[in-house]
*Asks:* 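Below is the structure I would like to discuss, written out as structure tokens.
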2 protein chains.
Amino acid sequence: MAEATGSNHTIRALTEIRKRILSGELAGGERLFEVPLAEMLNISRTPVREAMSRLAEEGLLERAKSTGFAVRAFGVEDVIDAIELRGVLEGTAARLAAERGADPELLAQMTEVVERLDACFRDDSVDFEIYSRGNEDFHRILTRLSGSKIIEWELDRVVHLPFASPSAFLPDKVNLQSRQSSLVFAQAQHREILAAIKAREGSRAEALAREHARTARRDLEEAMKKKGEAGQLPGLALVVT
Amino acid sequence: MAEATGSNHTIRALTEIRKRILSGELAGGERLFEVPLAEMLNISRTPVREAMSRLAEEGLLERAKSTGFAVRAFGVEDVIDAIELRGVLEGTAARLAAERGADPELLAQMTEVVERLDACFRDDSVDFEIYSRGNEDFHRILTRLSGSKIIEWELDRVVHLPFASPSAFLPDKVNLQSRQSSLVFAQAQHREILAAIKAREGSRAEALAREHARTARRDLEEAMKKKGEAGQLPGLALVVT
DNA sequence: GTCCAAGATCTTGTATGCATCAACTCGTTC
DNA sequence: GAACGAGTTGATGCATACAAGATCTTGGAC
């Protein structure tokens, strides 16, 4: 039954259905019917419809040909492409920030984040939680740094896909030691992206940010090789193999 | 009253409300209430809600902070950025098509379209309708040419904004003669983009496609200078000045 | 055996009434 | 006079009954 607590029925339905999609319990391509979902959640069809509409906005559902909704099906190639797309969009955000000049307040925040990330490497062991949070902060600020609402809007949307998030395939606690060089490299890129933006080097900032996304792709491929099966990774449970 | 004919009430509401947003009748930032809209359309609140949900997916509405919907507000800078973004995404589509190899069937179709566009310039006067249709075909094929569902999805979404479409600011019938050189230039870019993709020159294909979007930006600036006021242009009626 | 059509069934579309929630008003208290 | 809170208004949230449409089934003609 898994009654999620939420302010209202729509939010509860949204949360529940999203959880089941992300876990793979609702498989890609599967058609979603209002009545069974409503019964499962002990609510009426109305909030279920509302929740499905919002999930379509998020990109987790798609409207079926005639009517109704289906779970969007993702393959590994879509994961690759989504990461590539994030790189392209973050690259554009970085370039525009450099070319047009970024908000000093945001630049200061990003500088602080980069210093915080640098501090992670001072002693021998990297704190996963701290690095992960700092990494998310960096990318959140980068999204807003161009000052373009439109870019921010699209980037938010892409990053909302569970496997396209900047922290989706970070080395986890288990692999942290063996994959520390990956983090060191990624952090060097953070530093240089910020420097390029500050120096108004648009082209360099774009190239760096784009390449930076490839780190996620490498981490993904590394993780898939290790685990053998894609289903093991949290962000990858919904991917059809 | 303007009763739009449509298969059902939701589609009618969707069409009507969209029309009023695009025309600027419903202004950017304006909050939309279910009851007045329903009364205006002589239907109940239910299909109005459904229509508003879909317009949010299209990007014409945004969910208000607490609850409800508001018309999304666009400024001229958003138009500029949306065109820039289309250039970036079409550039990515072109690059991936070149790098990964494009579907021969689609390449053949695009070749046919480019030849059709070339034929527009054989005699002295350019047929606006034919050029416009060919231009749309070119960009529609380009969207699909990378073979990436994710890229196609995002590009479709951006292009759906009325001012980001590849044909939004084409010189119209009135300006066609005086601005013919713009079309000649744009068509040269079409030809070279296709050639670069065929030659597997990814970087060149990307740069060309990105620059090609600047044609739209120039056309926009040209048109705004001419008309003096932004409100005159069809795709720009909803833009807040 | 195949195709089509009529009916049955499953699913969504729509209207409506009541519940709930948020914002505002206005009066009270300190 | 400012802050707070109860009542009021207005908007959406939600459930439900019924309508309409889509799809599947079945029976019959050829």
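Sequence lines set the chain letters: A, B, ... in the order given, protein chains first and strands last, and positions in each chain run from 1.
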*Asks:* Before accepting this row, confirm whether a basic side-chain N of the pair B:Lys149/B:Glu152 lies closer than 4.0 Å to the acidic partner's carboxylate O.
*Replies:*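 Between B:Glu152 and B:Lys149 there is no salt bridge, as every charged N stays at least 4.0 Å from the carboxylate O atoms.
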
*Asks:* Please give, in whole Å, the distance from C:dG13 C1' to A:Glu34 CD?
*Replies:*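 Taking atom C1' of C:dG13 as the reference, CD of A:Glu34 is at 9 Å.
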
*Asks:* I'd like to know if A:Glu206 pairs up with A:Arg210 as an ion pair, taking the criterion as any Lys NZ or Arg NE/NH1/NH2 lying under 4.0 Å from an Asp or Glu carboxylate oxygen.
*Replies:*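 Here A:Glu206 pairs with A:Arg210 in a salt bridge, since their nearest N and O are under 4.0 Å apart.
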
*Asks:* Nearest whole Å is fine: how far is C:dT11 P from A:Glu30 CD?
*Replies:* 13 Å

*Asks:* Please report, rounded to the nearest Å, how far the C1' atom of D:dA15 is from the CG atom of A:Leu41.
*Replies:*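 A:Leu41 atom CG is separated from D:dA15 atom C1' by 15 Å.
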
*Asks:* For residues 46-61 of chain A, which residues have at least one heavy atom under 4.0 Å from DNA chain D?
*Replies:*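 Correct list: A:Thr46, A:Pro47.
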
*Asks:* Please check if the side chain of B:Asn135 supplies one atom and the backbone of B:Pro166 the other of a donor-acceptor pair under 3.5 Å.
*Replies:* yes

*Asks:* Between C1' on D:dG13 and CD1 on A:Ile11, what's the gap in Å once rounded to a whole number?
*Replies:* 11 Å

*Asks:* Sequence neighbours left out, what passes side chain to side chain donor-acceptor pair (under 3.5 Å) with B:Ser167? Give chain and number order.
*Replies:* B:Glu136, B:Ser165

*Asks:* Does anything in residues 52-63 of chain B form a side chain to side chain donor-acceptor pair (under 3.5 Å)? List the pairs, not counting sequence neighbours.
*Replies:* A:Glu50-B:Arg63, A:Ser53-B:Ser53, A:Glu57-B:Arg63, A:Arg63-B:Glu57, B:Arg18-B:Glu58, B:Glu50-B:Arg54

*Asks:* Is there any protein nitrogen or oxygen under 3.5 Å from a nitrogen or oxygen in nucleotides 17-25 of chain D, and what are the pairs?
*Replies:*
residue: D:dT23; atom: OP1; partner: A:Ser66; partner atom: OG; Å: 3.4

*Asks:* Angle between ring planes, B:His212 versus B:His139, binned at 30° and 60°: parallel, tilted or perpendicular?
*Replies:*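 Answer is parallel, since the angle falls under 30°.
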
*Asks:* Based on the rotation axes of five pairs at each end, what angle does the helix from C:dG1-D:dC30 to C:dC30-D:dG1 bend through, to 10°?
*Replies:*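 Between the axes fitted at each end of the helix from C:dG1-D:dC30 to C:dC30-D:dG1 lies an angle of 20°.
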
*Asks:* Inspect the contact between B:Arg95 and A:Glu84 and indicate whether a charged nitrogen and a carboxylate oxygen are less than 4.0 angstrom apart.
*Replies:*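 Looking at B:Arg95 together with A:Glu84, the answer is yes, because their closest N to O distance falls below 4.0 Å.
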
*Asks:* OP1 or OP2 of C:dT20 less than 4.0 angstrom from a side-chain nitrogen or oxygen of A:His9, does that happen here?
*Replies:*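 No, no such contact exists.
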
*Asks:* B:Phe33 CZ to D:dG10 C1': how many Å, rounded?
*Replies:*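 Interatomic distance, CZ of B:Phe33 to C1' of D:dG10: 9 Å.
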
*Asks:* Rounded to whole angstroms, how far apart are CG on A:Asn42 and C1' on D:dC14?
*Replies:* 14 Å

*Asks:* Any carboxylate oxygen within less than 4.0 angstrom of a Lys/Arg side-chain nitrogen, looking at A:Arg100 and B:Asp81?
*Replies:*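 Yes.
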
*Asks:* Is the closest side-chain heavy-atom distance between B:Arg116 and B:Asp137 below 4.5 Å?
*Replies:* yes

*Asks:* Whole angstrom is fine here: how far is it from CG in B:Leu37 over to C1' in D:dT12?
*Replies:* 14 Å

*Asks:* State, with a plain yes or no, whether a side-chain heavy atom of B:Ile141 is found less than 4.5 Å away from one of B:Val113.
*Replies:* yes

*Asks:* Go through D:dA11, C:dT14, D:dG13 for me and flag the one nearest to the B:Thr10 side chain.
*Replies:*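 That would be C:dT14.
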
*Asks:* Please name all residues satisfying salt bridge (charged side-chain N to carboxylate O under 4.0 Å, His left out) with A:Glu77, sequence neighbours left out, ordered by chain then number.
*Replies:* none

*Asks:* What is the separation between atom CG on A:Leu32 and atom P on C:dT12, rounded to the nearest whole Å?
*Replies:*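 Distance, rounded to whole Å: 9 Å.
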
